[in-house]
Amino acid sequence: MLDQRLVRDNPDLIANELGRRGMTLDLTGLQLIAQQQRNLEEQRSSLQAEGNRIGKEVGQRIQQGSDPKASDVTELRQQGNLIKQKVAVLEDEEKQLSARLREQLLSFPNLPSPDCPEGRDENDNQERHRWGKPREGKDLLEHWAIAERLKLFETERSVRIAQSRFVTLMGQGARLERALINFMLDLHTSKGYREVMPPVLVNTASLTGSGQLPKFAEESFRCAEDDLWLTPTAEVPVTSLHRDEIIPADQLPLRYAAYSPCFRREAGSYGRDTRGLIRLHQFNKVELYWFVHPDHSQAAHAQITADAEAVLQALELPYRVIELCTGDLGFSSSRTFDLEVWLPGAGAFREISSCSICGDFQARRSAIRTKDEKGTRLIHTLNGSGLAVGRTMAALLETGQQSDGSVLLPKTLVPYFGNDRLEPE
RNA sequence: GGAGAGGUGGCCGAGUGGUCGAAGGCGCAGCACUGGAAAUGCUGUAUAGGGGCAACUCUAUCGAGGGUUCGAAUCCCUCCCUCUCCGCCA
């Protein structure tokens, strides 16, 4: 959420910055609302001050022995009553304005960082660097074909169990998924990340706090009876881990590595990535998340990205780093690096991690602050996938595929998987 | 799911209509004392939003929302949550 003072005092800045994201908006109406709201607040609070004075006066007189029914006391009470009525009217109006203001503010995405490159859409994203040598070849299979041979998961039967876009991992497939989750968590915790396994049903406040609501309700699965939603990413529960908290500055940064299944409707992606592990309603992900002092978030962004890259490097998976342009930025992010892994079978790079700095955007929505000698300030949050597990498996299958039908695994994974390769059963 | 108890500041805990943002204690910070420390003493120590260069000041907040009243942490209503016992259960 953006600072409402910004709406009041500098709406042009918001319009300009959101314009970089490709939005056109006129904030004069909202600015008026914000100013009216403050106006009413001033009137209301000075009336309340008057009312408080009268209340005290009445109390004092009665305690000093005045007859509660004496005319001077009755007079004061009437004044008090009058003020109460006026306050009620103002308060009502003020609440309405505040609600409208907040509603609007919640629907605005974050302002892009000055460092974020200008652009309309994904075509304007900028490649930053590459790592590893992509495997290329004519007869390389896509991961779903490899998986089919090795019987790693059930697709058709999963429709019976749930729906399309669900997968049931089986045998070596299930084992590899488990190995990957363990490997990723071990790698991150060895660098000081605290491991988290959060609830995957989250309430509306949590989803609002990290920015998924109110705008993207149609992207999440919902348990309507309970005001609970299936979390689309561990970013949501982890943000709310510290919602409404003030974290002492000397405890920052807090760095978490959270494993969770993630649930997304993938609305509007009909026909895309229909086979395999790339786009599912349910997938596993290890998420890195930082709560950081506002002065240190820039460096943290580089670090969290490097920590995500370290997973790909350890798994010997070639990738490239793409910086998203302003037009392709996610809702809560002010600057994002995507990691795209090379899929030899598909012959393409595919997003496998997204490392974002959200500044105080989520912290303001979630009321997460820090305190030091200088006062209380909103903290900054960062998140990055480390990594999406299903897509990692896809990359491993395509990268390690052998002509004999087996799949060679990187050596770091051997102790976790218990074998150096996947073999036909 | 049934029965009961309860939700107050970082924590414990007092407060059942009047000057209460809230006693007391713990914790924390500063100062004093000390060679240094402990102990002790003094002072300070919530959040949000207004106004002010600032000192400071106003308003709101005692689970949430409504109500009664000149005045509510305290009384009334609704909701939420927590705990204990029983039931159920991995």
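The chains referred to below are lettered A, B, ... by the order of the sequence lines, with proteins before strands, and numbering in each begins at 1.
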(message) For A:Arg369 and A:Ala49, find the nucleotide of RNA chain B closest to each by heavy atoms; which residue's nucleotide sits nearer the 5' end?
(response) A:Arg369
(message) Does B:rG50 have its OP1 or OP2 closer than 4.0 Å to a side-chain nitrogen or oxygen of A:Arg5?
(response) yes
(request) Scan A:Ile62 against the nucleic acid and name what it touches under 4.0 Å (heavy atoms): base, sugar-phosphate only, or nothing. (result) base
(message) Without decimals, in angstroms, what is the distance between A:Leu47 CG and B:rG71 C1'?
(response) 16 Å
(request) Indicate whether OP1 or OP2 belonging to B:rU47 is found under 4.0 Å from a side-chain N or O atom of A:Lys371. (result) yes
(message) With no hydrogens and no angle check, just 3.5 Å: does a side-chain donor-acceptor pair link A:Asn110 and A:Ser334?
(response) no
(message) Just the rounded figure in Å: distance from P of B:rG50 to CD of A:Glu94.
(response) 11 Å
(message) Over all strands shown, is A:Glu41 touching base, sugar-phosphate only, or nothing at heavy-atom distances under 4.0 angstrom?
(response) base
(request) Using atom CZ of A:Arg77 as one end and atom C1' of B:rU68 as the other, report the distance to the nearest whole Å. (result) 13 Å
(request) Provide the distance between the two P atoms, one in B:rC85 and one in B:rU47, to the nearest whole Å. (result) 37 Å
(message) With a 4.0 Å cutoff (strictly under), does any side-chain N or O of A:Arg38 reach OP1 or OP2 of B:rG51?
(response) yes
(message) Ignoring hydrogens, what is the shortest heavy-atom contact between A:Val286 and A:Val389? Give both atom names and the distance.
(response) N-CG2, 4.4 Å
(message) It should be established whether A:Lys84 places a side-chain nitrogen or oxygen under 4.0 Å from OP1 or OP2 of nucleotide B:rG67.
(response) no
(message) Can you identify which nucleotide, out of B:rA60, B:rU47, B:rG50, has its nearest atom closest to the A:Arg8 side chain?
(response) B:rG50
(message) With nearest nucleotide decided by heavy atoms, which residue, A:Ile54 or A:Gly59, maps closer to the 5′ end of RNA chain B?
(response) A:Gly59
(message) Between P on B:rU47 and CD1 on A:Ile247, what's the gap in Å once rounded to a whole number?
(response) 14 Å
(request) For B:rA60, take OP1 and OP2 only and decide whether either is under 4.0 Å from a side-chain N or O of A:Asn52. (result) yes
(request) Specify the separation, in whole Å, of atom CG of A:Asp92 and atom P of B:rG66. (result) 10 Å
(message) Could you walk me through whether A:Glu323 and A:Arg335 satisfy the salt bridge (charged side-chain N to carboxylate O under 4.0 Å, His left out) test, starting with their C-alpha distance in whole Å, then the side-chain angles of each, then the deciding distance to 0.1 Å, before giving a yes or no?
(response) CA-CA 8 Å; A:Glu323 172 154 17; A:Arg335 194 182 184 200; 2.7 Å; yes
(request) Find the distance A:Asn81:CG to B:rU69:C1' and express it as a whole number of Å. (result) 8 Å
(request) Compute the ring centroids of A:Phe331 and A:Phe216, then answer whether they are less than 6.0 Å apart. (result) yes
(request) Consider only side-chain N and O atoms of A:Thr336 and A:Ser356, and report whether a donor and an acceptor are under 3.5 Å apart. (result) yes
(message) Mind checking if A:Thr376 touches a base, just sugar-phosphate, or nothing, with heavy atoms under 4.0 Å?
(response) sugar-phosphate
(request) Please state how far atom CG in A:Leu76 lies from atom C1' in B:rG18, giving the value in whole angstrom units. (result) 14 Å
(request) Using a 4.0 Å heavy-atom cut-off across all strands, classify A:Gln78 as base, sugar-phosphate, or nothing. (result) nothing
(message) Without decimals, in angstroms, what is the distance between A:Ile368 CD1 and B:rA48 C1'?
(response) 16 Å
